[in-house]
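Read through the structure below, which is laid out as structure tokens, and then see the notes.
Just so you know, these numbers come straight off a predicted model, no measurement behind them.
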Amino acid sequence: MDRTETRTTPSTTASGTDLPTGSAPAWARPALVLLLLATGLLYLWGLGASGWANSYYAAAAQAGSQDWTAFFYGSSDAANSITVDKTPASLWLMALSVRLFGLNSWALLVPQALCGVATVGLLYATVRRWYGPAAGLLAGAVLALTPVATLMFRFNNPDALLVLLLVAAAYATVRAVETASTRWLVLAGVLVGFGFLTKMLQAFLVLPVFAAVYLLAAPATPGRRIRQVLLAGLGVVVAAGWWVAVVELVPDSARPYVGGSQSNSVLELTLGYNGLGRLTGTEVGSVGGGGGPGGGGPFAGQTGLLRMFGTQVGGQISWLLPAALILLVAGLVLAGRAARTDRVRAGLLLWGGWLLVTAGIFSYMSGIFHEYYTVALAPAVGALVGIGTTLLWRARTHARGWWRLAATLTLTGTVAVTVAWSVTLLERTPDWFPWLRGAVLVGGLVAVSALLLAHRLARRAAVPALLVSAAVALAGPAAYAAQTAATPHTGAIPTAGPEVRGGFGPGGGGRFGGPDPNRAGGRFAGGGPPGAGRAGATGTPGLPGTDRADSRPPGAGDGPATGRTGDGRAGGPETAGANPGAGMGGLLDSRTPSAALRELLERDSDDHTWIAATVGSNNASGYQLATGSPVMAVGGFNGSDPSPTLDQFQRYVADGRIHWFIGGGGFRGTNGGSSASSEIAAWVAANFPAQTVDGVTLYDLSSGQQGGLR
């Protein structure tokens, strides 16, 4: 079968509805261009207001732009003391951009936005091949306007590149199924493998779905299909494994420490902290997972079947999730007992499997889970809404008798459920545009009535009813997406949308203690010595406080001396000097140092490998981004990695490789891990003179010790 035959052969549902996929109507291309332009505007407008966004990854991108070894390994600093706790593919994208355009917000964040536009375009192309341009446009629009997608395609976490690669793999799988193409199937495996290099095992959640769909629906003999899937599996292993092999084979002394591991092993990181530990809650060195079986802990709500609809997660992803599930079932019913190679059913199984497997794991994982992970569900939700709506509309238009009535009632019921759920989600933000709930409710009643009447109208007269229904269904997520794009976001745990009543969502209250007045800046700003809370800061004893930690570059937003509230309004002055001796950063965010402190750190910087060391990667990132020089992150992200050990740190100091030690910051995890950072901090405090600059305690490691080595 050649390409022309592949694109024009119809697929027939049990209701007798043909799904032509030949030449597109005249309106399709302009509509696609408009969709992509609107998506680009949503994802790019005011992008620089978020500053460094996640300073942890921003500092690593800075390091990668300065040193090719740091680039390859994903080091936190250009002197290669330790890597980030992820594989580095997303950092490669940002580091190349910084190398080309210099270190600034746009260089870091524009690649993420472009990943978002490309993802929308690829999802359109994938859905369009089998279901037509209308289905593709609706799928792309749903993805673009999903609040968590708007957030993550404007942020520098790894998720933007991950979602792009997985959608590209889905496209390759679709092409492979069409003609039993080995080349396309292996490409799908390679793309998933690069997804592993972006965010490790999360990329593999779709693998069993892609393999099962190909084994079911590809037009080839069973033996050939099995061999092809095995070849695709080899593609996954090669694409994902080459970097892991290099890291494991290079001697420890010749590369940076693998952040997030306790044994300097990327395999341990893959299977433990970033692997099975996320499912079981056993994550050595972390700050606490989901609270164990049946828990949920401090991050993103209780585990269970309804987690995706809960107070903390619902507004991020679930606006059209009920519709997607209804339309998945309806589509499979319409496909009926079709042939094994039927594309209608194959596409529904591909996207439905993606949604159910990923959502199921997210719902029940007892380890660390954050709301923004749900961006991985957005392509599947969009595809199922686009496909299911198109199938029901065509059945309503072309089928006869019972099929036509059932299609109309199902489509109408889906709109009604979507409107009801949108109103429920909007009620969680009662003070944010309260009129929107009424508008969605009234619009929903009009849309439902119009769809019921459209059952007796001609097709042209019925199209406006469908358009009104789509507009009403997308009104809630579109409003949340617009609010997300208009609000600066920084820190390690960003969330989309306005303040959520009674939840830990954006502005809805700090994770540990009282209300968090600075939602946009992350959940755990501030910090003290490892294992100790900050004086004067809100939160549970033993945890970093929740005062705002600024990760914006100088000149961005309010400037380093002003806080920012969760809705983007200017807040009160920072309180950096309120707790002398405390670090300027915290577990999940960083702060730009004052001019005087920056000048002190930069003094004689060429004489040292690291201008400073401090506990915790985010604490280090603020100083590194401000000065442009390497800052050692003692203990990695949580301060719980054994890098460096006390003996190693003492040798660095004796060799004159570290100038300053910055007190405070970081946090040793509650799930075990190394105590090396605490030992180092105690040794420095006992052996070197301290001075305070703008409320920050520093120890001059080049001044000579007050006592001998311990």
Side-chain angles (χ1 to χ4, degrees), residues 35 38-39 41-47 49-50 113 116 119-120 138 140-155 157 159-160 163 300-301 308-324 370-379 381-382 385 417-441 443-444 470-489 493-509 519-520 565-569:
L35 172 63
T39 302
L41 181 64
L42 178 65
Y43 292 170
L44 288 166
W45 185 265
L47 198 57
S50 291
T119 302
V120 171
L138 184 54
V142 170
L143 169 60
L145 294 175
T146 299
V148 70
T150 300
L151 172 71
M152 296 316 295
F153 288 128
R154 295 173 57 90
F155 208 73
N157 278 21
D159 302 76
V163 173
M308 298 300 102
F309 301 92
T311 302
Q312 294 165 250
V313 182
Q316 311 293 303
I317 186 63
S318 73
W319 298 86
L320 290 159
L321 186 52
H370 300 307
E371 298 98 317
Y372 66 80
Y373 292 178
T374 58
V375 68
L377 303 177
V381 171
V385 170
V417 169
T418 301
V419 169
W421 183 239
S422 292
V423 171
T424 300
L425 291 175
L426 290 171
E427 287 177 347
R428 296 177 180 176
T429 56
D431 300 325
W432 182 78
F433 294 111
W435 56 266
L436 185 58
R437 298 195 303 276
V440 170
L441 182 59
V472 172
L474 291 173
Y480 263 51
Q483 193 277 345
T484 300
T487 303
H489 290 82
I493 312 180
T495 47
E499 179 177 344
V500 177
R501 180 179 61 185
F504 298 138
R519 184 268 300 172
T565 61
D567 58 4
R569 295 177 285 110

Q. What closest approach, in Å, do Gly444 and Val472 show between heavy atoms, and which atom pair accounts for it?
A. N-CG1, 3.6 Å
Q) Taking the side chain as C-beta and beyond, is there a heavy-atom pair between Val142 and Leu474 under 4.5 Å? A) yes
Q) Short question: side chain of Thr418, backbone of Leu320 - any donor-acceptor pair under 3.5 Å? A) no
Q | Heavy-atom pair with the smallest gap, counting every atom of Thr150 and Ala144 | A | OG1-O, 3.3 Å
Q) Which value, rounded to the nearest 0.5 Å, describes the distance between Leu42 atom CG and Leu47 atom CG? A) 10.5 Å
**Q.** Nearest atoms (heavy-atom pairs only) where Ala49 meets Pro488
**A.** O-CB, 3.5 Å
Q) Does some side-chain heavy atom of Thr429 sit less than 4.5 Å from a side-chain heavy atom of Tyr480? A) yes
Q. Do the ring planes of Tyr372 and His370 sit parallel (below 30°), tilted (30 to 60°) or perpendicular (above 60°)?
A. parallel
Q: Without swapping roles, check the side chain of Arg154 against the backbone of Trp45 for a donor-acceptor pair under 3.5 Å.
A: yes
Q. Does any N or O in the side chain of Thr487 come within less than 3.5 Å of the main-chain N or O of Thr484, such that one atom is a donor and the other an acceptor?
A. no
Q) Hey, does Gln483 have a side-chain heavy atom less than 4.5 Å from the side chain of Phe433? A) no
Q) Can you name the closest pair of heavy atoms from Gly315 and Pro147 and give their distance? A) O-CG, 3.6 Å
Q | Point-to-point distance, once rounded to the nearest 0.5 Å, from CD of Glu371 to CE of Met152 | A | 11.0 Å
Q: Rounded to the nearest 0.5 Å, what's the gap from OH on Tyr43 to OG1 on Thr119? Could you check?
A: 8.0 Å
(Q) The test is side chain to side chain contact (heavy atoms under 4.5 Å, CB included); show your working for Arg437 and Glu427 and say whether it passes. (A) CA-CA 7 Å; Arg437 298 195 303 276; Glu427 287 177 347; 3.4 Å; yes
Q.
Run the side-chain contact (heavy atoms from CB on, under 4.5 Å) test against Ala324 and tell me which residues pass, sequence neighbours left out.
A. Leu355, Val381, Leu384, Val385
(Q) For Leu425, is there any backbone N or O sitting under 3.5 Å from a side-chain donor or acceptor partner on Trp319? (A) no
**Q.** Sub-4.5 Å side-chain heavy-atom contact between Thr374 and Met308
**A.** yes
Q: Could you grab the distance from atom OH of Tyr373 to atom CG of Asn157, nearest 0.5 Å is fine?
A: 9.0 Å
**Q.** OG on Ser318 to CH2 on Trp421, rounded to 0.5 Å
**A.** 5.0 Å
Q.
Do Leu151 and Val375 make a side-chain contact, defined as non-hydrogen atoms from C-beta onward lying under 4.5 Å apart?
A. no
(Q) Would you compute the distance between atom CD of Gln316 and atom OG1 of Thr495 and round it to the nearest 0.5 angstrom? (A) 5.5 Å
